[in-house]
Amino acid sequence: MSEPTSNELSFSQNVNFLVDRAIAAMDLEQDTAAAIKACASIIQVTFPVKIRDKIQMFTGWRAVHSTHRLPAKGGIRYAPYANQDEVEALAALMSYKCALMDIPFGGSKGALLIDPSNYTRDEMQKITRRFTMELVRKGFLSPSTNVPAPDVGTGQREMAWMADTYKHLFPEDINYQACVTGKPVQHGGIRGRTEATGRGVQYSIQEFFRHPEDVKRAGLTQGIGGKRIVIQGFGNVGYHAARLLTIEDDAKITAVIKSEGVLIDENGLDIDVLHEHILEHKTMKGFPNAHFDEDGLKALELECDILIPAALEAQITCENADRIKARLIVEAANGPVTYEADKVLNEKGIVIIPDIYANAGGVTVSYFEWIRNLSHIRFGRMQSRHEEMRSREFAQLLEELSGKSISEDIRKKVIRGATEEDLVNSGLDDTMRLGYQQLSQLFNSNDKIKDLRTAGYVIAIDKISRTYLDIGIY
Ligand code: NAD
């Protein structure tokens, strides 16, 4: 592939150029590289659904980028702008993400070309069930080979409809619940999945700040507390990331960008109150003590410490990259920075925590949910009370030995057995910490690797290539 000369690259070309840059820093044979980059399969389905007495046609896609591990895993988005190239690019990102984070899945992604705001809940259910049947019949959805999850425009309810449709098609499949992740807890979901991607973004920033050499390189001072953050996107990922970073880490969200524009408050927005305001008024406009402006894209260029794009791909391009003022960009969305923009930002010394790591919290907890579904038991169910009993005995022993009594408050904290959510968050924290440590270690020890993104791709491609070389390609 020759170097691109314009900003007119498609999403999958952008991903492939970033991958090529990593391959150039590796000792990898070209044919193995080509096998890793290729999208293994993709289907396009077009199906009719009767809506308000009229037949409407819908088009959707599901791509499987790699099957070196099964099932292939990746979200399904519902959007009026979806296309095949985007789905292929997102499936590839899933392969690299899972490999980097040691999640034993291949990469997949799906999309349905639809504007959900034009349909009622019942109509969305009808469309989703029909789409699911198409995917199942064509071998693109099952607990063992291909497992979707939520993405832009989809959430728990779509996942519940998909799982239920699969169950009706295969009632004898005891593992039917594992056919999708991101389900409601009462339908086989796992506690902590809804906020997992946003929480993963928070953990990724926490781990970055545990690496003083990386913080210094970005030109930031130590610690998240008080850092000014601009966030683009206030959906599942953006809202939870913003909320957790303010509540648990004392960061200041100085601007929230949505499709309608940007809301700015230099003193920091109250995220919970803003969320309630949007639920009530369906807009950010009118939020007290904050300034609203319709030019959301321009707001990416605001003065801040950390910029978190958490909406769509290709938001920072060679058009605006030079004007970005943040010192750290955390890619909560998939592909928010184009290949060309990435080069500009690197030259400016802006540190980028790349998407294949930063937003991996979703697939990490999806992995936990899938395991929970296959094991048919809630995490912690067998050991929680036992842990509590042992801790109570230990507290008693401490009291006897010291002759002092432990306050009721402390006793409650000490003896409490871990809940499912505690275990999920602890597993997520561990995965995000280890993920960043791999990136930083390689970045800081190899002169050929100039940024964290290339480090991420090198690690991921190395792991995938080893499975190809071990098993062989036939
Ligand atoms: P969502 O549909 O819940 O929210 C999308 C948000 O983006 C909304 O707030 C919307 O207003 C905003 N938005 C849309 N167009 C915009 C524009 N032109 N300018 C500014 N804001 C705009 O989607 P989500 O699930 O939060 O996903 C966001 C990103 O994170 C996507 O790139 C997705 O692929 C990625 N991601 C999501 C998950 C997950 O678990 N949901 C996991 C990994 C990665």
Side-chain angles (χ1 to χ4, degrees), residues 11 15 73-82 86-87 89-94 96-98 101 103 107-112 114-117 148-159 180-183 189-190 192-201 204 230-243 255-263 271 274-275 278-279 282-284 293-300 307-317 320 330-337 354-367 369 428 432:
F11 191 1
V15 172
K73 190 85 186 74
I76 289 191
R77 62 172 54 173
Y78 284 2
Y81 54 79
E86 178 190 72
V87 173
L90 291 164
L93 287 178
M94 284 304 296
Y96 303 123
K97 192 179 301 179
C98 291
M101 305 304 284
I103 293 172
S108 182
K109 202 81 181 192
L112 184 66
I114 188 171
D115 182 349
S117 64
D151 195 78
V152 174
T154 55
Q156 291 191 352
R157 85 176 182 178
E158 285 75 16
M159 298 306 114
V180 295
T181 57
K183 302 175 294 291
I190 194 165
R193 173 61 183 89
T194 305
E195 57 274 43
T197 311
R199 192 175 273 288
V201 169
S204 74
V230 170
I231 195 157
Q232 183 199 38
F234 204 59
N236 175 280
V237 180
Y239 163 63
H240 288 292
R243 182 172 180 274
V256 168
I257 308 168
K258 280 170 53 85
S259 335
E260 59 170 340
V262 57
L263 192 73
I271 296 303
L274 175 60
H275 189 239
I278 294 171
L279 286 180
K282 312 279 175 249
T283 174
M284 301 193 291
D293 192 300
E294 277 178 8
D295 196 350
L297 199 59
K298 188 84 192 146
L300 292 172
L307 174 62
I308 307 181
L312 301 172
E313 54 263 24
Q315 295 302 294
I316 304 177
T317 64
N320 59 359
V330 185
E331 294 185 330
N334 283 306
V337 174
D355 49 5
I356 57 166
Y357 162 70
N359 69 36
V363 70
T364 302
V365 177
S366 276
Y367 170 45
E369 179 176 334
L428 175 59
M432 296 309 293

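Remember, it's 1-based here, ligands and their atoms both numbered in the order they're listed. For this chain, numbers begin at 1 and follow the sequence in order.
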Exercise. Can E331 be said to touch ligand 1, with heavy atoms closer than 4.0 Å?
Worked result: no
Exercise. If we only count N/O pairs under 3.5 Å, is K109 in contact with ligand 1?
Worked result: no
Seminar exercise, completed: Note: E313, heavy atoms under 4.0 Å from ligand 1, region reported as neither
For this session: Note the single closest protein heavy atom to atom 27 (O) of ligand 1, along with its residue, its atom name and the distance in Å.
Result: V152 CG2, 3.6 Å
Exercise. So is there a nitrogen or oxygen of G235 less than 3.5 Å from a nitrogen or oxygen in ligand 1?
Worked result: yes
Problem set entry | Polar proximity ligand 1 side, A333 side, N/O cut 3.5 Å exclusive | no
Exercise. Which class fits the ring pair H275 and Y239: parallel under 30°, tilted 30 to 60°, perpendicular over 60°?
Worked result: parallel
Exercise. Is it true that R77 and E313 have a side-chain N and a carboxylate O under 4.0 angstrom from each other?
Worked result: yes
For this session: Please verify whether a non-hydrogen atom of R77 lies at under 4.0 Å from ligand 1.
Result: yes
Exercise. For ligand 1, which part of A310 has a heavy atom less than 4.0 Å away: the side chain, the backbone, both, or neither?
Worked result: backbone
Seminar exercise, completed: of all protein heavy atoms, closest to atom 3 (O) of ligand 1 is N236 N, 2.9 Å
For this session: List the steps, then state whether salt bridge (Lys or Arg N to Asp or Glu O under 4.0 Å) holds for K298 with D293.
Result: CA-CA 10 Å; K298 188 84 192 146; D293 192 300; over 6 Å; no
Exercise. How does D151 reach ligand 1, by side chain, by backbone, by both or by neither, if only non-hydrogen atoms under 4.0 Å count?
Worked result: both
Exercise. Hey, which atoms in ligand 1 end up nearer than 4.0 Å to a heavy atom of A311?
Worked result: 7 (O), 12 (C), 13 (N), 21 (N), 22 (C), 28 (C), 29 (C), 31 (C), 32 (O)
Exercise. When you measure from atom 9 (O) of ligand 1 to every protein heavy atom, which one gives the shortest distance, and what is it?
Worked result: F234 N, 2.8 Å
For this session: List every atom of ligand 1 that sits less than 4.0 Å from any heavy atom of Q232, numbering the atoms from 1 in the order shown and giving each element.
Result: 19 (N), 20 (C)
Exercise. Can you tell if the side chain of V330 reaches within under 4.5 Å of the side chain of S204, non-hydrogen atoms only?
Worked result: yes
Exercise. Where on E86 is there a heavy atom closer than 4.0 Å to ligand 1, on the side chain, on the backbone, on both, or on neither?
Worked result: neither
Exercise. When you measure from atom 26 (O) of ligand 1 to every protein heavy atom, which one gives the shortest distance, and what is it?
Worked result: V237 N, 2.9 Å
Seminar exercise, completed: Taking every heavy atom of A92 against every heavy atom of V15, the minimum-distance pair comes out as CB-CG1, 4.3 Å
Problem set entry | For atom 11 (O) of ligand 1, the protein heavy atom that lies nearest, with its residue and separation | S259 OG, 3.3 Å
Exercise. Below 3.5 angstrom, do we get any N/O pair linking T197 and ligand 1?
Worked result: yes
Problem set entry | A332 to ligand 1, any heavy atom closer than 4.0 Å | yes
Problem set entry | Interfacing atoms of ligand 1 (cut-off 4.0 Å, heavy-atom, N334) | 32 (O), 33 (C), 34 (O), 35 (C), 36 (N), 44 (C)
Exercise. In the protein, what heavy atom is nearest to atom 18 (N) of ligand 1, and what distance, to one decimal place, separates them?
Worked result: L312 CD1, 3.7 Å
For this session: Can you sort out which atoms of ligand 1 are near G153, meaning under 4.0 Å from one of its heavy atoms?
Result: 2 (O)
